[in-house]
Amino acid sequence: MPIRLHDSATRELRDLDPVVRGHVGIYHCGLTVQGPPHIGHIRKEVVFDVLRRWLLRSGYDVTIIANVTDIDDKVLAKGEEQGRPWYAVAYENERALHAAYEVLGCLPPTYEPRATGHVPEMIEMIGELIERGHAYPADDGSGDVYFDVRSWPAYGELSNQRIDDMQPAEDAPPEGKRDPRDFALWKGHKAGEPESASWPTPWGRGRPGWHLECSAMAAKYLGHEFDIHGGGLDLRFPHHENELAQSRAAGQQFARIWMHNAMLNLGGSKMAKSVGNTLMVSEVVKRVRPIALRYYLAASHYRSIVEFSEEALAEAATAFDRIEGYVTRATEVTGGVEPGDVTPGFAAAMDDDLSTPAALAELQAVIGEGNKLLADADGEALRGNLASVRAMLDVLGLDPLAAPWTGSSGSGGDAALASLVEALIEQRAQARADKDFATADRVRDQLAAAGVEVEDTAQGARWQVKG
RNA sequence: GGUGGGUUGGCCGAGAGGCGAGGCAACGGACUGCAAAUCCGUUUACACGGGUUCAAAUCCCGUACCCACCUCCA
């Protein structure tokens, strides 16, 4: 069965039909590294990480390219504001982004090209566009080079807009533009901007316009036609519209399918620095386990708005505890099994535009069966069930027994703690054997007060640190 | 002004003409020394007003409210 994805260009579900058989090339817009990532940014990473894992499990080779915009107005402004070089700001935030990938279990992209590393490719593309009559250097001496939207009749095809209905682009003063909606491919160096933020071109020194880097880098690493271009819905216009126009006008086919994830809102509006409602990944993972945050983000459909709330996050953590509890218990009983195959229901849900909510419903049903098998002590069936559950969790990047989660949860902790807890549990077991339930309960309460939860099972007491 | 998306039970969150996704919470039962975990069961829905249809949460028309984009944004 083919994988079907919602293409935001045509606004319909389309079969994934790769350019190269057995291989899927994906480009998704990374971050402008002007600040550390918030949980809205990381939602996008989780969405594309799940897509990638599903494609891999479906037998495809995947090349995934995510850009890092390390030079633009905002990065320069941050450098100025913080009194240090713009590139120091960019690099620091790029590292924070990588830390966020890692803490949430997102596989690193195949490659993460930086805009500053691809100026020659951009210059080449600008030359091509000028030659074809779709771009022009500003005649006001600014050194800007603009894309000529009137020269490209399809302009607006991605976001379904007509040029005449659009408001003017404000990425540069309109003086040098032929049409106010023309956008900058290249921005001339301005007095007062650091010399380090400019590169020589046939049109004078300057720096990249935002949109061009993605067109140039996608072509370099994925070719003139590739399978999927993704990013946040807020990038659809103007960023992706402009990328599409540039690349097509330069004679390329560009992306076959456009995938846009919906925003993560807080307090009724999009999480964004300009609104001041951001929650940094590094902060949230202090309150809730990273795997629980990932579950929260993966549990809703990628095209639905997530209205963030602490309550919903806590609830997701509880829901995940049930899943993890099953995996832990089943692993104890079976001695552990490797991930096997996902169920047909799970596969059908994932094939249907990455319907993670339906996939999770399937997973919960399989876990319900597994819990029954656990009660019946049916070893063989239980092994099969656990293998399947682990496979499904792996697709979502939520297998608690896989990297990077191992060791971060369960009854681990340091040896001193374990030895103390086990001594108390031994005392309690003796009290229970003596039917001294008052003492047994007191020990359990003591442990609970210290944040250690004890459960009695047929095999003896299990414990884990909660929180 | 233009372009899209949305409003589902106490909460989260799917579905897209007939059959009550799933989870969390609550309640009852089984299990347990008591719990916890687990299993079984129960309760509360489709923004509002019209219309189409044998049948509408789902299709059509209208209204209200919300979100995103048209300015940097995942």
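Letters A, B, ... are given to chains in the order of the sequence lines, protein chains preceding strands, and every chain is numbered from 1.
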Taking only the side-chain nitrogens and oxygens of [X], find out if one of them lies under 4.0 Å from OP1 or OP2 of [N].
{"X": "A:S304", "N": "B:G5", "result": "no"}
{"X": "A:K273", "N": "B:A74", "result": "no"}
{"X": "A:R428", "N": "B:G33", "result": "no"}
{"X": "A:T32", "N": "B:A74", "result": "yes"}
{"X": "A:N265", "N": "B:C67", "result": "no"}
{"X": "A:N160", "N": "B:G4", "result": "yes"}

Polar pair under 3.5 Å, donor/acceptor by atom type, side chain [X], base [N]:
{"X": "A:R322", "N": "B:C24", "value": "no"}
{"X": "A:D441", "N": "B:G33", "value": "yes"}
{"X": "A:D456", "N": "B:C34", "value": "yes"}
{"X": "A:K372", "N": "B:C39", "value": "no"}
{"X": "A:E315", "N": "B:G23", "value": "yes"}
{"X": "A:R444", "N": "B:A35", "value": "yes"}
{"X": "A:R432", "N": "B:G33", "value": "yes"}

Comparing A:E369 and A:C29 on RNA chain B - which has the more 5′ nearest nucleotide:
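The residue closer to the strand's 5' end, by nearest nucleotide, is A:E369.
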
Starting at the 5' end of RNA chain B, which residue's closest nucleotide do you reach first, A:Y302 or A:T69?
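The answer here is A:Y302.
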
Distance check, [atom1] atoms only: [N] and [M], in whole angstrom units.
{"N": "B:U44", "M": "B:G10", "atom1": "P", "value": "10 Å"}
{"N": "B:U58", "M": "B:C69", "atom1": "C1'", "value": "27 Å"}
{"N": "B:G9", "M": "B:G4", "atom1": "P", "value": "28 Å"}
{"N": "B:A16", "M": "B:C72", "atom1": "C1'", "value": "37 Å"}
{"N": "B:U42", "M": "B:C59", "atom1": "P", "value": "30 Å"}
{"N": "B:G22", "M": "B:A30", "atom1": "P", "value": "25 Å"}
{"N": "B:U43", "M": "B:C27", "atom1": "C1'", "value": "8 Å"}
{"N": "B:C12", "M": "B:A21", "atom1": "C1'", "value": "14 Å"}

Tell me the partner of [N], counting only Watson-Crick (N1-N3 plus N6-O4 or O6-N4) or G-U wobble (N1-O2 and O6-N3) with both under 3.5 Å; none if nothing fits.
{"N": "B:C54", "result": "B:G18"}
{"N": "B:U32", "result": "none"}
{"N": "B:A68", "result": "B:U3"}
{"N": "B:U44", "result": "none"}

May I have the distance from [X] (atom [atom1]) to [N] (atom [atom2]), rounded to whole angstrom?
{"X": "A:L266", "N": "B:A74", "atom1": "CG", "atom2": "C1'", "result": "15 Å"}
{"X": "A:Y326", "N": "B:A37", "atom1": "OH", "atom2": "P", "result": "18 Å"}
{"X": "A:L313", "N": "B:C12", "atom1": "CG", "atom2": "P", "result": "14 Å"}
{"X": "A:N371", "N": "B:G23", "atom1": "CG", "atom2": "P", "result": "12 Å"}
{"X": "A:L297", "N": "B:A74", "atom1": "CG", "atom2": "C1'", "result": "12 Å"}
{"X": "A:E307", "N": "B:U7", "atom1": "CD", "atom2": "C1'", "result": "13 Å"}
{"X": "A:H38", "N": "B:C72", "atom1": "NE2", "atom2": "C1'", "result": "12 Å"}
{"X": "A:I367", "N": "B:G22", "atom1": "CD1", "atom2": "P", "result": "15 Å"}

Salt bridge present between A:R53 and A:D49 (N-O < 4.0 angstrom):
yes

Give a yes or no on whether a salt bridge exists between A:D234 and A:K44, defined as a side-chain N under 4.0 angstrom from a carboxylate O.
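Looking at A:D234 and A:K44, the cut-off is not met.
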
If you look at every strand shown and take non-hydrogen atoms under 4.0 Å, does [X] touch a base, only sugar-phosphate, or nothing?
{"X": "A:H239", "answer": "nothing"}
{"X": "A:F237", "answer": "sugar-phosphate"}
{"X": "A:L264", "answer": "base"}
{"X": "A:G368", "answer": "sugar-phosphate"}
{"X": "A:S309", "answer": "nothing"}
{"X": "A:G325", "answer": "nothing"}
{"X": "A:G156", "answer": "nothing"}
{"X": "A:N261", "answer": "base"}
{"X": "A:A375", "answer": "nothing"}

With distance as the sole criterion, is a donor-acceptor pair present between the side chains of A:T32 and A:Q34 under 3.5 Å?
no

Is a donor from one side chain sitting under 3.5 angstrom from an acceptor on the other, for A:Q246 and A:N242?
no

Given [options], identify the nucleotide with an atom nearest to the side chain of [X].
{"X": "A:T318", "options": "B:C72, B:A14, B:A25", "answer": "B:A25"}
{"X": "A:Q161", "options": "B:U3, B:G22, B:A74", "answer": "B:U3"}
{"X": "A:R11", "options": "B:C69, B:G4, B:C72", "answer": "B:G4"}
{"X": "A:E455", "options": "B:A74, B:A36, B:G33", "answer": "B:A36"}
{"X": "A:R329", "options": "B:C72, B:A74, B:A37", "answer": "B:A37"}
{"X": "A:L235", "options": "B:A74, B:A14, B:U38", "answer": "B:A74"}
{"X": "A:R236", "options": "B:A21, B:G4, B:A74", "answer": "B:G4"}
{"X": "A:I305", "options": "B:A14, B:G2, B:C67", "answer": "B:C67"}

For [X], does the [atom1] atom have more than 12 heavy-atom neighbours from other residues, nucleotides or ligands under 6.0 Å away?
{"X": "A:R95", "atom1": "CZ", "answer": "no"}
{"X": "A:Y87", "atom1": "OH", "answer": "no"}
{"X": "A:E380", "atom1": "CD", "answer": "no"}

In this structure, is the centre-to-centre distance between the rings of A:F308 and A:H38 below 6.0 Å?
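No: the rings miss the under 6.0 Å criterion.
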
Find the distance between OH (A:Y27) and CD1 (A:I65) and round it off to the nearest 0.5 Å.
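Reported to 0.5 Å precision, the distance equals 8.5 Å.
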
Out of A:F237, A:W186, A:F183, which residue meets the ring pair (Phe, Tyr, Trp, His ring centres under 6.0 Å) rule with A:H211?
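When ring pair (Phe, Tyr, Trp, His ring centres under 6.0 Å) is applied between A:H211 and each of A:F237, A:W186, A:F183, only A:F183 qualifies.
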
